[in-house]
Peer 1: 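I'd like to ask you about the structure that follows.
Just so you know, ligand 1 is whichever comes first in the structure, and atom 1 is the first atom listed for that ligand.
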Amino acid sequence: MNNKTSIQGSWASRWIFILAATGSAVGLGNIWKFPYITGENGGGAFVLVYLACILLVGIPIMMAEVFIGRRARKNPINALKDVAEESEGSKSWSIIGLMGMLAGVLIFSFYSVVGGWVLHYIKIMLTGEMLGVTSDQAGAAFGGLLEDPSTLLFWHTLFSIMTVAVVAAGVNKGIETVTRVMMPALFVLLLILLGYAMTTGSFGEGWDFMFKVDFSALTWNSALIALGHSFFTLSLGMGTIMAYGSYMTKQASIGKTVLTIGALDTLVALVAGLAIFPIIFANNMDPGAGPGLMFISLPVAFGQMPFGQLFGTLFFVLVGVAAWTSAISLLEPTVAFLVEKFKIKRITASIALGIVVWALGIACLGSFSFLSDVTFFGKNTFDFLDYITANIMLPLGGILISLFAGWVVKDKFAQDELQLSNGMFKLWNLSMKFTAPIAVAIVLYFLINPLS
Ligand code: PHE
């Protein structure tokens with residue numbers, strides 16, 4: 001079963017796989033969500049819980065996704081089917097793949113709208129429109145954008161086309177090429193912004209905010225948010241990593257590779273925090289400003305700083321690149337499935353899927369204006385999709401993947417792919433059978449029935 005390759009292609013090397021998976025993992029979750037939820041949840045202690053979740057739950061599940069994909073070298077649905085069959089398990093486990101594809105499509109529809117906001121911000125930072133604005137003005141500018149469907153439609157369409165074009169070009173010519181250029185660019189931009197944050201005079205304050213652990217600031221809810229987020233940020237629970245894993249070469253060690261991806265994703269989130277908080281503190285702004293931290297507080301801060309126009313623009317370019325490489329990975333599992341199932345060309349599959357997600361995106365962007373009356377359980381379409389995917393579908397996918405890997409797949413097949421030492425394998429197996437599903441089930445329960 002092991003010397004096969006996927007009909008979609010294979011990554012040129014282990015490092016390309018690491019960078020492509022890191023490109024998927026590092027996204028709006030790291031640069032937009034992580035800093036603001038850290039801000040809302042009091043800093044240091046939250047960061048510590050988040051790190052523990054990545055290590056104890058996220059990494060083991062990512063290993064499972066990679067090995068399932070690599071063993072079968074097919075799209076997630078067929079991969080799960082093949083791997084189940086080999087271990088004499090039920091083929092129904094492939095439902096996880098179906099649910100994952102659906103999650104990817106739904107996430108894309110709001111992700112692309114936020115990607116569109118980011119493109120718009122690159123433009124207004126570049127033209128200097130945000131220079132010297134007050135918080136009120138920045139708040140009004142962001143609010144105005146949300147209520148302007150035609151501008152949103154333009155940027156959402158551009159972001160969708162950029163993404164579909166890469167997926168259509170294929171694993172090697174598309175995803176791999178973008179990865180080779182954009183990931184190094186992303187790391188360089190992040191370091192430049194970190195250096196800039198160090199010149200603000202408030203770097204120490206930012207550092208303390210993130211790393212000074214004060215458990216009295218930690219609530220149960222914050223711990224749950226940390227675990228939930230560790231899923232979203234590592235792109236787990238929906239088959240993305242499984243699809244990327246199916247293009248991985250046999251020689252590479254899954255354990256080391258996954259640890260590297262997890263470490264890079266975490267590093268980017270931490271450095272993004274260290275780049276953002278000093279700028280916020282230097283301008284006496286509130287670190288707990290919530291989702292508006294990036295689109296309201298930061299532009300105000302940049303607008304008051306030396307070279308703010310340049311660095312503000314670079315900042316949004318960084319976010320745009322991160323969002324783009326993640327969006328690509330949201331579509332890949334479904335495109336791979338359509339190509340393999342219906343024997344259609346990749347370009348046809350990509351465009352067909354592109355039209356569906358683009359149209360769904362319109363429902364999301366209208367949530368703030370012409371469709372604001374459409375609500376599901378009291379949430380507009382945008383918030384509802386964010387909620388059910390990140391809080392329900394991904395964790396559920398994660399539980400099922402770990403149960404499948406722990407209880408259904410025979411140890412000898414798992415170990416054949418993972419090649420861990422005996423002790424490490426036992427630890428991983430324990431996590432799949434118990435730790436990960438139980439931890440995620442607890443989060444799932446409390447996310448649906450909030451504590452306060
Ligand atoms: N990991 C991405 C981020 O942090 C989001 C994502 C989730 C991408 C699931 C692919 C699959 O923004």
Peer 1: Can you find a pair of side-chain heavy atoms, one from Glu176 and one from Trp11, that are under 4.5 Å apart?
Peer 2: yes
Peer 1: Can you run down the salt bridge (Lys or Arg N to Asp or Glu O under 4.0 Å) pairs that involve residues 23-45, sequence neighbours left out, and say none if there aren't any?
Peer 2: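 Qualifying pairs: Lys33-Asp386.
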Peer 1: When you check the gap from the basic side-chain N to the acidic O, do Glu417 and Arg70 get nearer than 4.0 Å?
Peer 2: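 Looking at Glu417 and Arg70, the cut-off is met.
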Peer 1: Please enumerate all residues that pass side-chain contact (heavy atoms from CB on, under 4.5 Å) together with Asp383, with sequence neighbours excluded.
Peer 2: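 In terms of side-chain contact (heavy atoms from CB on, under 4.5 Å), with neighbours along the sequence ignored, Asp383 is linked to Lys379, Asn380.
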Peer 1: Considering only N or O atoms, set out every pair between ligand 1 and the protein closer than 3.5 Å, with distances to one decimal place.
Peer 2:
| unit_1 | atom_1 | unit_2 | atom_2 | d |
| --- | --- | --- | --- | --- |
| ligand 1 | 1 (N) | Ser24 | O | 3.3 |
| ligand 1 | 1 (N) | Ala25 | O | 3.0 |
| ligand 1 | 1 (N) | Phe232 | O | 2.8 |
| ligand 1 | 1 (N) | Thr233 | O | 3.2 |
| ligand 1 | 1 (N) | Ser235 | OG | 3.0 |
| ligand 1 | 4 (O) | Ala25 | O | 3.0 |
| ligand 1 | 4 (O) | Gly29 | N | 3.4 |
| ligand 1 | 4 (O) | Asn30 | OD1 | 3.4 |
| ligand 1 | 12 (O) | Leu28 | N | 3.1 |
| ligand 1 | 12 (O) | Gly29 | N | 2.8 |
| ligand 1 | 12 (O) | Tyr111 | OH | 2.5 |

Peer 1: Pairs under 3.5 angstrom only: tabulate donor-acceptor contacts from the side chains of residues 114-125 to other protein residues two or more places apart or in another chain.
Peer 2:
| unit_1 | atom_1 | unit_2 | atom_2 | d |
| --- | --- | --- | --- | --- |
| His120 | ND1 | Trp155 | NE1 | 3.2 |
| Tyr121 | OH | Phe295 | O | 3.1 |

Peer 1: Do Leu293 and Pro35 come within less than 4.5 Å of each other through their side chains, counting heavy atoms only?
Peer 2: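 When only atoms from C-beta onward are counted, Pro35 and Leu293 do touch, with a gap below 4.5 Å.
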